[in-house]
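In what follows, chains are A, B, ... by sequence order, proteins preceding strands, each numbered from 1.
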Amino acid sequence: MEENEYTQQRRRNLADIAALGFPSYPAGYRRTHSVSQIVTAYGAYPGDELEAAAVTVRVPGRIQAINLMGKAAFIRFTDGAAMLQAYLRKNDLPEQEWLLLKRLDLGDFIGVAGRLFRTKTGELSVHVEQLTFLTKAIIPPPDKHYGLHDIELRYRRRYADLIANCDVRAVFVKRAQIIQAIRRFFDARGYLEVETPMLHPIASGATARPFVTHHNALDMPLYARIAPELYLKRLIVGGFEKVYEINRNFRNEGLSTRHNPEFTMLEFYEAYATYEDLMTLTEELLTEVVAQTCASDTITYGEVTISFARPWRRLTMQEAIVAHWPTADPPTIAELDDLAGVNRALERLKLPMAPHLGYGQRLGELFEHVAEPNLIQPTFITRFPTELSPLARHADDNPNFVDRFELFIGGMECANAFTELNDPDEQRRRFEQQLAERARGDDEAMPLDEDFIRALAYGMPPTAGEGVGIDRLVMLLTNQRSIRDVILFPHLRPENATPEALPATAP
RNA sequence: GGGCCGUUAGCUCAGUCGGUAGAGCAACUGGCUUUUAACCAGUGGGUCGCAGGUUCGAGUCCUGCACGGCUCACCA
C-alpha cells in the first residue's frame, strides 16, 4: 500500500482519536435505522411534524462531506445507497466528541444518535447528541464531485469505483434483480435449480479452449468447465424433467468488450419440449425479466432502441444472410444450400476461408459477417448447419441442418438452444467427426465424453435445452457497452508483475 | 498478435514553438453555531508510467518496455 502525506495525516488523526479515548476499530454499531430507511420513511415529512414526532435514531455511515463552521458542523454520510446529513453543535456534544469531530476525515465511518429535524433550507438532518467513531479511512476517497474516471483504476479498485460512482452501484443492483427475476421465472414453472461440477475431467459441451489445472491427490488434470451441458442432460436421463443452472463458465480465449475468461451462463433443459417451444419460452422469460427490471418493454442500447414487444422476428440462417446482404443482388436461398453457392457468396464479399472448412463453417462465417451485426431487434435465427452443432438433433427434413436457434439482440448473441440429440449412436458419430477435426488441427473441436454417450444409452427422453449469456443480457438491460462494466472484478493483467508476487509454480 | 490512442499532485484535468510544473476539488493553519459543490484569508504538496537517446536544455522530439482503452484478428 502506498503511503503519502494524506495517509500519514490520517494515521495521525487516528492516533489522536485513540488518545482521546475512543477505540480505534470498534466492533459493530447498534443502529435503529439505515440511512436509506430514514430517507425512505421521513424524506417527505414536513419539518413541523418531524419536530412533533420527536423521532430519535441511531444511524451509521461513511462520511462524504464535512462543513465545519466554528462551533457547529454538518456531516453528510451515506450507507452506499442514500445520503443523510448530521448537524453537530459544540454546545450539544460532550467535549471529547467535539474534539473527535475535528479528527474525522472524508471516507471515515461514524455513527450518530439524535433527533430528526429539518434545517431552515429544508434538508432532513439528524441533530446529533452522540457521535461514535467506527472506522478510519487511511486512504482518501476519490473526488466527491468528479468521481473516479480512470477506467483502469475503476476495474482494479472496484471498491473505490463503487464508493465514488453511484451509477456503477446501480448496474450491479440491477444485475442482481435480473438474476432474481430469472430464478423466479423458472421456479414458478417447476424447474429444479441444480449445481453441476465446475471441474471437469473432460472439457466438452462447447467448442472452446479450456483452463487446465491439476488435482494433486488424484494426480490427474482437471478442466475448468467450458459448459455444463453434458451434466445437465445426464440429469434429464436421471429423471429430472426440468432443470436449470446459473453459474460460471471458463474459456481460455481472447478478452474483448464482449468476452471475459469467466462469464455467467444460464442453462436449462426441459424434457418433451422442442426448440420451437423454447423460442416461446425465451420470449416469455425475457419479456418478464424486462418487465420486472426496466421501466418499459423498450430499452435504449447505445445509439439504438430495442423493443421486446412480442412476437420477435424469426429467420433461418440463410434467410438472414439474404435479408442483410450488403448489396442489391443477394444470393438466393437455394444457392446457399450447397457448398459451391456459399463459396461464390464468400468470394463476392472477399471473405477468405481456410481450405479445410466445410459447408457448415462457411455458411456460419457468411452469417456472422453479413447478418449478425445487423440483428438489433430481438431475432431468432434457426436452421443451423449440423457441422456447427454436434449436440443438436438433426432436422426431420434434412440431416445437414439441426433443430436449433440462436437469439440475437443488439447485434449480440444472447441465447443458444436446440432440440437435443438423444440417439447415443448418432452422438458417437458426431463426436467422432469432432475428433477428426481436432486431428486436422482444430484444437477447439469437442472431445468425446464416453460416459455421456453411456448416459444417453440409458435413454434420454426427447428434450430441448438452452443457454443464455447473463453478462450480455445485463449489458443490454443496463446499457453498458463493455462486459467489464457488468462484471464486478473483470480480469486484468497484474499491475505489478514482480516475480515474488507470483505464486510458486506447481510441480 | 497487428494498428491507433492514452499514462502529469490523493481525485478530475490543463500544459502553446523544446526554455523555472499549473488549476479545481482534497490536505494543512486561522476565522466562522442551520451549511449544502458552504464561505473568507493563508500554506504545503510532483520519480510528468519506466529505461535509454537527441539537445546547451525534454512533460513536450526519437527508440524500447510496462499497463490501460478502442479496433482488427482470434473467439460464440
Side-chain angles (χ1 to χ4, degrees), chain A residues 1-10 12-13 47 64-76 83-93 98 102 105-107 117-127 137-157 160-161 163-165 206-209 226-227 249 251-261 263 265 352 354 364-365 367-368 372 381 384 388-389 406-408 411-416 442-444 467-469 471-472 481-485 490 492-498:
Chain A
M1 191 192 104
E2 59 282 0
E3 292 287 342
N4 54 38
E5 58 167 317
Y6 293 90
T7 60
Q8 284 160 14
Q9 177 62 40
R10 283 160 179 260
R12 279 196 295 275
N13 286 344
Q64 269 189 338
I66 302 174
N67 292 356
L68 179 61
M69 302 174 302
K71 297 184 179 63
F74 289 94
I75 297 178
R76 286 190 291 284
M83 198 177 70
L84 185 63
Q85 179 171 262
Y87 176 58
L88 304 92
R89 286 206 313 189
K90 189 169 192 291
N91 295 2
D92 299 337
L93 276 181
W98 182 253
K102 298 190 170 184
D105 292 291
L106 302 189
F117 75 111
R118 224 168 254 291
T119 64
K120 67 183 183 190
T121 55
E123 180 153 347
L124 180 66
S125 308
V126 184
H127 194 124
I138 301 295
I139 299 177
D143 184 276
K144 66 180 171 186
H145 311 304
Y146 297 100
L148 186 65
H149 285 190
D150 184 295
I151 291 175
E152 184 175 352
L153 270 186
R154 285 188 43 228
Y155 295 153
R156 288 197 194 281
R157 305 184 191 176
D161 188 27
I163 290 170
N165 300 319
T207 53
R209 275 188 287 270
I226 57 175
N249 288 349
R251 298 187 183 177
N252 201 343
E253 284 160 1
L255 290 76
S256 81
T257 51
R258 293 177 182 193
H259 299 85
N260 196 61
F263 61 100
M265 189 87 149
E365 193 71 15
F367 167 76
E368 278 180 29
E372 188 171 324
I381 298 296
F384 278 65
L388 295 180
S389 318
E406 286 188 351
L407 171 64
F408 291 86
M412 282 191 291
E413 179 202 333
C414 289
N416 177 22
D442 181 357
D443 57 355
E444 297 193 352
V468 178
D471 308 282
R472 290 178 180 179
R481 277 171 302 161
S482 171
I483 199 168
R484 295 186 192 93
D485 291 317
L492 297 178
R493 283 191 171 81
E495 56 182 324
N496 294 316
T498 57

Heavy atoms, side chains only, cut-off 4.5 Å: are [X] and [Y] in contact?
X: A/Leu255; Y: A/Pro261; answer: yes
X: A/Glu406; Y: A/Asn416; answer: yes
X: A/Thr257; Y: A/Arg481; answer: no
X: A/Asp485; Y: A/Arg154; answer: yes

Rounded distance in Å between the [atom1] positions of [N] and [M]:
N: B/rU63; M: B/rC74; atom1: C1'; result: 30 Å
N: B/rA41; M: B/rA23; atom1: P; result: 16 Å
N: B/rC28; M: B/rG45; atom1: P; result: 16 Å
N: B/rC61; M: B/rC48; atom1: C1'; result: 15 Å
N: B/rA26; M: B/rC11; atom1: P; result: 15 Å
N: B/rG69; M: B/rG57; atom1: P; result: 38 Å
N: B/rG22; M: B/rA9; atom1: C1'; result: 10 Å
N: B/rC13; M: B/rG49; atom1: P; result: 15 Å

Protein-nucleotide distance ([X], atom [atom1]; [N], atom [atom2]), rounded to Å:
X: A/Asn4; N: B/rG44; atom1: CG; atom2: P; result: 19 Å
X: A/Tyr155; N: B/rG69; atom1: OH; atom2: P; result: 7 Å
X: A/Asp485; N: B/rG68; atom1: CG; atom2: P; result: 15 Å
X: A/Arg157; N: B/rU12; atom1: CZ; atom2: C1'; result: 15 Å
X: A/Leu153; N: B/rC13; atom1: CG; atom2: C1'; result: 14 Å
X: A/Asn260; N: B/rG69; atom1: CG; atom2: C1'; result: 16 Å
X: A/Ile66; N: B/rC32; atom1: CD1; atom2: P; result: 18 Å
X: A/Glu152; N: B/rC67; atom1: CD; atom2: P; result: 10 Å

Smallest separation among heavy atoms of [X] and [Y], with atom names:
X: A/Gln85; Y: A/Ser125; result: NE2-OG, 2.9 Å
X: A/Tyr6; Y: A/Asn4; result: N-OD1, 2.8 Å
X: A/Arg10; Y: A/Ala137; result: NH1-O, 2.8 Å
X: A/Leu93; Y: A/Leu88; result: CD1-CD2, 3.7 Å
X: A/Gly254; Y: A/His259; result: O-CB, 3.6 Å

N/O-N/O pairs, protein side and nucleotides 71-75 of chain B side, under 3.5 Å:
from, atom 1, to, atom 2, distance (Å)
B/rC75, O3', A/Glu253, OE1, 3.4
B/rC75, O3', A/Glu253, OE2, 3.2
B/rC75, O3', A/Glu444, OE1, 3.0
B/rC75, O2', A/Glu253, OE1, 2.2
B/rC75, O2, A/His259, NE2, 2.5

Counting the atoms with a prime plus P, OP1 and OP2 as sugar-phosphate, which does [X] contact under 4.0 Å by heavy atoms, base, sugar-phosphate, or nothing?
X: A/Arg258; result: nothing
X: A/Arg89; result: base
X: A/Gly147; result: sugar-phosphate
X: A/Lys120; result: base
X: A/Arg156; result: sugar-phosphate
X: A/Asp150; result: sugar-phosphate

Point to revise | Candidates B/rC32, B/rC67, B/rC11 - which lies nearest the side chain of A/Leu68 | key: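 It is B/rC32.
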Practice item. With the side chain of A/Ser125 defined as its heavy atoms from C-beta on, choose the nearest nucleotide among B/rG68, B/rC32, B/rU35. Key: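 Minimum distance to the A/Ser125 side chain belongs to B/rU35.
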Would you please confirm or rule out a distance under 4.0 Å between OP1 or OP2 of [N] and any side-chain N or O of [X]?
X: A/Arg76; N: B/rU35; answer: no
X: A/Arg484; N: B/rC70; answer: yes
X: A/Arg493; N: B/rG68; answer: yes

Review point. Does A/Ala206 or A/Pro142 map to a spot on RNA chain B nearer the 5' end, using the closest nucleotide for each?
Key: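 This one resolves to A/Pro142.
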Check your understanding: Given that A/His127 and A/Ile139 both sit by RNA chain B, which one's nearest nucleotide is further toward the 5' end?
Key ->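 Between the two, 5'-proximity favours A/Ile139.
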Under 3.5 Å: donor-acceptor pair, side chain of [X], backbone of [Y]:
X: A/Asn260; Y: A/Arg484; value: no
X: A/Gln8; Y: A/Glu3; value: no
X: A/Arg472; Y: A/Arg258; value: yes

Point to revise | B/rU33 base / A/Asn91 side chain donor-acceptor hit below 3.5 Å | key: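 Per atom types, the contact qualifies.
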Exercise for review: Kindly indicate whether the side chain of A/Gln85 and the base of B/rU35 share any N or O donor-acceptor pair separated by less than 3.5 Å?
Suggested key: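 Yes.
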Please give the nucleotide sitting opposite [N] as a Watson-Crick or G-U wobble pair, both distances under 3.5 Å, or none.
N: B/rC50; result: B/rG64
N: B/rG10; result: B/rC25
N: B/rG57; result: none
N: B/rC4; result: B/rG69

Review point. Who are the ring pair (Phe, Tyr, Trp, His ring centres under 6.0 Å) partners of A/Phe74, not counting sequence neighbours?
Key: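 Counting only residues at least two positions away or on another chain, A/Phe74 forms a ring pair (Phe, Tyr, Trp, His ring centres under 6.0 Å) with A/Tyr87.
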Study note, to complete from the structure: The contact string for nucleotides 21-30 of chain B, one letter per nucleotide 5' to 3', using protein heavy atoms under 4.0 Å with B, S and - for base, sugar-phosphate only and none, comes out as ---BBBSS--
